[in-house]
Amino acid sequence: MKLSIIVPVYNVQKYLDECVQSIVKQTFTDWECILVDDGSTDFSSVMCDEWAEKDSRIKVIHKTNGGLGSARNAGISAAAGDFLSFVDSDDLVSENIFSFLLEKVEKNNLDAIWCSLYRFFNDDLGTSSVRHIPNILCTNKKSVLKNMFLQIISADKFNTEIPGTMCAAIYKKSIICDNNLLVPDSRLTNSEDNHFNLMFLPLCTRVMWVDEHLYYYRNNISSLSNEVSVDKVQAINNFACIAKNLAEQQGIEEKIISQKVKFRTMVSFSRLVKKMADASALREFKKNLAYFRSELKIDITPDISYIGKIPMKVLLFCFLTYFRLYTILYRLIRLYSQFLYK
Amino acid sequence: MVTVFTPTYNRAYTLPFLYESLCAQTRKDFQWVVVDDGSNDETENLINNWKNTTDFEIVYIKQPNGGKQRAINNGVQYAKGEYFWIVDSDDTVSRDAVEKIEMWFSALPKDEKFAGVSGTVGDKEGNIIGGTFKGEYLDASSLERNKYNIKGDKCEVFYTEIMRKFPFPVFEGEKFVPEALVWNRIASAGYKIRWYNDIIYFACYLDDGYTKNVDKNLITNWKGYSLYIKELVRSSASLKEKAIPFVGYVYRFLLKGFYR
């Protein structure tokens, strides 16, 4: 059983060594690591070549910049393993992640498996926060659709996190290749991981989510995902459309699809609203919110029956947005932020 | 002996994890009683496959769908152990859970009125979910425990005799009764529980579970909920402990009006 570990690399000279080091230290040894240099302009390219020289299991692909999706696809094409795993070049993995996951894969004859992750900020592993994912084993397609697919669409994040990433996972390569699955371009949806998994899951019969923390995900304070622009709203719209199409293809009831998509949109939009309030003054906030709201194609009208199904905070934000009570919303968010940082 | 009791409804996708954690127990002398509340997934096959492969006895009973409270009443009848522990189908337990429970029970003074013992709920990193107290253990009734900061979900293990003495009330057409109703009745009858700080239970809160759908659950099982509130208000709990649930009751009463 061979594993191909795919690492897309783009201008990560600061973190790349740590990442590859954690892969090289694996207790499981039957792997190849494909570093896909997506046209880096810093020392990353050189560092990749150096690693390939140090360890024969490491291979390098240099390509012109095409984004995260294209880098992962290049890795998939070059992979020789029976199973694939993706590691982001600024993250770290625990030394037993692959032995643990592959053991589960073999024992349960799985098509794919996800584990949970630690999230830490910039350089400080001490800031790791632990969020739990549910322990689920699906053994037929109906169960996968009901217990995993729909949850990824609604991105429910109450007490438990839903594993929708492409990292901290192992995929059976034949399912991806036989079905010509391509990782979508990250610039269109911001949720290319979720998108890929929504395409992948319906092709599986046996999938597991296991709540073991084996992957360290680095949150970058300055990263792109923290920007606030109308592109974000476009991304939300795009994803909603994609999720709807994929769900319809699986014959899921339209009513259920709409609700899940609506919940997700409410959560994403609320998050965006909060970032906007934190980043701008009242007048700018009101203007932008009105604009973003008009660009949003999904209805986020809150309903009493949603209480308990989505976080109160999200319901409240959507309620205030819907009734255009922007000033109150702004004050509330600012108050909440202040309160949090006391 | 401990009877681990699991009521389940269409949870074939989580049961394997509970099963594994039971197989990993340091003490094998326990019994697992599973009452299937009318599942239409692979639960039956799954459990039948496990039946003869384990060191511990597995008893599987299927009942027509009637809710957790009927399942518990049903399961108590099949319990061979002196101790009865309700473990939900989407949760898992620590490797030393049964061992600890046996130890705790044998340490209970026989001349005092104890209904059972309780460990605490947490995660594998050692974080306790809910409130906690200083010291190894604390003796208090279910009605008093909030006072000692023993807050939130705990995992009570009762003498099976007590479970038989205090069955769950069952209302026609209703499929849920708050567990606390029975725990409070036990407390009102003068029984204490010995609470421990050890984490023996790992909880999960799933989309289709009771916790997520609290409001909907309570509203559609109104008689059971009302009885719980009525008995709580009349109990010896502190005013504060009665006030908050009562406000919740009024809120849900209003919600009931709007609910379609």
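Here is the naming used below: chain letters follow the sequence lines, and residue numbers restart at 1 for every chain. Keep in mind that what you see is a predicted model, and the values were worked out from it rather than measured.
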Is it the case that atom NZ in B/K230 sees more than 12 heavy atoms from other parts of the structure closer than 6.0 Å?
no
Report yes if the side chains of A/H132 and B/E125 come closer than 4.5 Å at any heavy-atom pair, otherwise no.
yes
For B/D36, check salt bridge (charged side-chain N to carboxylate O under 4.0 Å, His left out) against everything at least two apart and list the hits.
none
Side chain, backbone, both or neither: which part of A/N108 has an atom under 4.5 Å from a heavy atom of chain B?
neither
Between B/F17 and A/L137, what is the shortest heavy-atom contact and its length?
CE1-N, 3.4 Å
Return yes when atom NZ of A/K25 has more than 12 non-hydrogen atoms of other residues, nucleotides or ligands closer than 6.0 Å, and no otherwise.
no
If you count heavy atoms of other groups shown closer than 6.0 angstrom to OH of A/Y217, is the number above 12?
no
Find out whether B/K124 and A/E212 are in side-chain contact, i.e. whether some heavy atom of one side chain is under 4.5 Å from a heavy atom of the other.
yes
Might you confirm whether atom CZ of B/F56 has over 12 heavy atoms from other residues, nucleotides or ligands at distances under 6.0 Å?
yes
Which pair of heavy atoms, one from A/I136 and one from B/T14, lies closest together, and at what distance?
CG1-CG2, 4.5 Å
Using a cut-off of under 4.5 Å on heavy-atom pairs, state which of B/L46, B/D41, B/D123 scores highest against chain A.
B/D123
